[in-house]
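Okay, structure first, notes after.
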Amino acid sequence: MLKQAIDNNRVKILNNCKESNGTILYWMQRDHRLHNNWAALYAQEKAKELDSEWHTACFISPTFLSATSRQYDFMFEGLQSLEKELQKYKIPFFVFVNNPADAIIDHVKRNKVAAVVTDFSPLKIVRDWKEKVAQHIDVPLYEVDAHNIVPCLVVSQKQEYAARTLRPKIHKLLPKFLVPYPEIEKQKTLSVVHDIDWQKLRKQCKVKQDKFECKKYIAGEEAALKQLDYFIAHALNGYSTQRNDPTFDGQSNLSPYLHFGHISAQRVALKIMDAKVPAKDKEVFLEELIVRKELSDNYCFYNNKYDQLEGVAQWAQDTLKLHAKDKREYLYSQEQLEKAKTHDLLWNAAQKELTSTGKMHGYMRMYWAKKILEWTEAPIKAFQIALYLNDTYSLDGNDPNGYVGVAWSIGGLHDRPWFKRPIFGTIRYMSFNGCKSKFDVDTYVQRKVGLFDRQMPLL
DNA sequence: ATCGGCTCGCGCAA
DNA sequence: TGCGCGAAGCCGAT
């Protein structure tokens, strides 16, 4: 009997097919890493069971939602470092740029594949691909949640109302799932040797060229681990009080790495728990890393209107409708906002931080999105613009976290109603004066574009 | 500097 | 059926 390394609750079979003879294909979709990856470990385990071997393949869509060159360049950088790691472990690696579903179906037909293993994503487009693949291949398609510590489908079977309803469910299951990972083993021989022409593949992608100069960060697992070490050494101590001060680089800056799966949240959590800092700081960070992040997957999985304002609670939609005709003191177009041309220097600085660094400080993200609601003619329009800007310019754009962040800011998602105001109704309001009382607005505003403190390793 | 009110509804206790 | 309390606040009173 083989040792069962993976909790079977992490695995879901998406069709009714039986395994045949051949290799195991790991369709790496969301989590671009070899180590600390339950989907890769499951592929390895399946291969052992069949006394066979496993391969890894990425099927890159030529376009993806609102992603542009900045996210694709970062992703390709990560995949190139992954290629080297896979070589070390003698795991064949294939990369295709095509419609993912069609490309996988084709690949499975042409090769002797015993089963396909993939990772988990709550996004509609990815679920559609998987459904098509599941129907058109004649071998099993296994889905393994490699992204969440407590698997999204296990922790809750419904859309959760707020963090407070998900939190106890996560904490109850953490001892079962927050465990160290087994090792990936080297395969005996690299059975398929082929060169990947990265430049050619990148050219096959049809994403738009970035309109703004953006810092270039080093992608991949090694860079992510460096960033994590930097955060633990310099900013974790005091995190609970300093994280909401955007003049201070007190955030982990791990979100681009977490988004592309260059680093596993589970590994981050285990490392944070070991750090020698006050318990309160760890607690606050882990709350954000685990509860709030996994709440985003919960929302997107159980609410298929996650990318529209219509997805939020009725009370929030009602209150926004009631205030639809309220006078807007300032009205800006998407283009004015994109170019950071508003009367509010604080808002402009946040927008420039986004376009020039590919990240915006977490606290500013809330203020930024709420002001878009205040300065556009309709809440639906505000939602669309905020999502467009986030998904186009944030390195972690097109992620459940982004959808939920915008829905929280503009649609009161996972939040409670607050004091009535024009335009906002009972959606929580945030003000310039509030920022002024919390941090030094001038220091934040006066930072020149490109000089925001971002300790992520530069390319 | 600190406090209370604002406002809705889930989940649990009774 | 009642009650406590919640993902990040604001504002005015004290």
Side-chain angles (χ1 to χ4, degrees), chain A residues 155-172 235 238-248 250-252 255 265 280-300 302-303 306 311-323 326 329 344 346-347 350 359-374 386 390 396 399-439 441 444:
Chain A
V155 71
S156 174
Q157 283 71 54
K158 60 169 188 161
Q159 183 190 326
E160 291 294 329
Y161 186 73
R164 74 184 152 88
T165 59
L166 182 65
R167 190 177 297 115
K169 296 180 184 180
I170 285 189
H171 282 282
K172 202 177 125 197
Y239 183 78
S240 64
T241 51
Q242 288 173 316
R243 73 188 195 289
N244 282 342
D245 183 347
T247 67
F248 174 72
Q251 299 207 303
S252 74
S255 56
K280 183 76 190 161
D281 293 324
K282 294 198 235 184
E283 190 191 302
V284 169
F285 181 79
L286 291 171
E287 161 76 13
E288 289 168 359
L289 178 76
I290 305 173
V291 177
R292 294 188 198 175
K293 189 159 75 58
E294 303 198 354
L295 182 61
S296 302
D297 266 33
N298 170 274
Y299 180 66
C300 293
Y302 291 110
N303 188 324
Y306 61 78
V312 306
Q314 199 55 51
W315 69 264
Q317 296 194 51
D318 291 344
T319 197
L320 287 172
K321 206 165 280 169
L322 212 57
H323 292 268
D326 291 357
E329 200 175 337
D344 179 350
L346 176 60
W347 192 93
K359 288 176 55 53
M360 190 191 298
H361 191 279
Y363 188 82
M364 292 311 298
R365 280 194 191 204
M366 300 185 281
Y367 178 81
W368 171 86
K370 282 182 183 291
K371 291 297 148 185
I372 297 177
L373 171 60
E374 197 174 332
N390 180 69
D396 72 340
D399 187 280
N401 286 325
Y403 297 114
V404 167
V406 169
W408 180 86
S409 302
I410 293 172
L413 176 71
H414 299 147
D415 201 11
R416 60 196 272 207
W418 294 86
F419 191 75
K420 262 201 198 75
R421 313 227 5 143
I423 305 169
F424 286 77
T426 54
I427 304 286
R428 183 195 300 257
Y429 178 69
M430 286 176 78
S431 71
F432 182 86
N433 284 337
C435 290
K436 241 164 78 173
S437 71
K438 288 187 179 68
F439 61 90
V441 168
Y444 182 74

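Here the structure is a predicted model, which is why all the values come from computation and not from measurement. Per chain, numbering begins at 1; letters A, B, ... match sequence-line order.
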**Fill in**
Counted 5' to 3', the first and last nucleotides of DNA chain C within 4.0 Å (strictly under) of a heavy-atom of chain A are C/dG6 to C/dC11
**Message:** Run the ring-ring contact (aromatic ring centres under 6.0 Å, His included) test against A/Tyr429 and tell me which residues pass, sequence neighbours left out.
**Reply:** A/Phe424
**Request:** Check every strand shown and say whether A/Arg167 touches a base, only sugar-phosphate, or nothing at a heavy-atom separation below 4.0 Å.
**Result:** sugar-phosphate
**Item:** Shortest non-hydrogen separation from A/Ile410 to A/Ala386 and the atoms involved
**Value:** CD1-CB, 4.0 Å
**Item:** Sequence-distant partners of A/Asp344, salt bridge (Lys or Arg N to Asp or Glu O under 4.0 Å), two or more places apart
**Value:** none
**Request:** Sticking with atom P, work out how far C/dA7 lies from B/dC12, rounded to a whole angstrom.
**Result:** 14 Å
**Message:** Within the 4.0 Å heavy-atom criterion, would you say A/Met366 contacts the bases, only the backbone, or no part of the nucleic acid?
**Reply:** base
**Message:** In whole Å, measure the gap between the C1' atoms of B/dG4 and C/dC5 for me.
**Reply:** 16 Å
**Item:** Contacts of type salt bridge (Lys or Arg N to Asp or Glu O under 4.0 Å), residue A/Lys371, not counting sequence neighbours
**Value:** A/Glu374
**Prompt:** Looking for any heavy atom pair under 4.0 Å, which part of the strands does A/Arg243 touch: base, sugar-phosphate only, or nothing?
**Reply:** nothing
**Message:** Under the side chain to side chain donor-acceptor pair (under 3.5 Å) definition, can you give me all pairs with a residue in residues 413-424 of chain A, not counting sequence neighbours?
**Reply:** A/Asp415-A/Arg428
**Message:** Suppose you measure atom P in C/dG9 against the same atom in B/dC10; what distance do you get, rounded to whole Å?
**Reply:** 24 Å
**Message:** Under 4.0 Å, counting only non-hydrogen atoms across every strand here, what does A/Val404 touch: a base, just sugar-phosphate, or nothing?
**Reply:** base
**Message:** Expected output check: what is the dot-bracket annotation of DNA chain B, where ( ) and [ ] are pairs inside the strand (brackets for crossing ones), | is paired with another strand, and pairs are Watson-Crick or G-U under 3.5 Å?
**Reply:** ||||||.||||||.
**Asked** Taking only residues two or more places apart in sequence, or in another chain, which ones meet A/Asp326 in a side-chain contact (heavy atoms from CB on, under 4.5 Å)?
**Response** A/His323, A/Arg328, A/Pro422, A/Ile423
**Fill in**
Each nucleotide of nucleotides 3-14 of chain B classed B (base within 4.0 Å of a protein heavy atom), S (only sugar-phosphate) or -, in 5' to 3' order, makes ---BBBBBS---
**Request:** Identify, with sequence neighbours excluded, every residue that meets side-chain contact (heavy atoms from CB on, under 4.5 Å) alongside A/Asp245.
**Result:** A/Thr247, A/Phe248, A/Phe439
**salt bridge (Lys or Arg N to Asp or Glu O under 4.0 Å) partners of A/Asp297, counting only residues at least two apart** = A/Arg30
**A/Glu160 versus A/Asn298, side-chain donor and acceptor atoms under 3.5 Å** = no
**Request:** Give A/Lys438 one of three labels, base, sugar-phosphate or nothing, depending on what nucleic acid heavy atoms sit under 4.0 Å from its own.
**Result:** sugar-phosphate
**Residue list, side-chain contact (heavy atoms from CB on, under 4.5 Å) with A/Ala369, at least two apart or on another chain** = A/Ser409
**Prompt:** Pairs in or reaching into residues 280-293 of chain A: which pass side chain to side chain donor-acceptor pair (under 3.5 Å), with residues at least two apart or in two chains?
**Reply:** A/Arg167-A/Glu287, A/Tyr239-A/Glu288, A/Ser240-A/Asp281, A/Arg243-A/Glu288
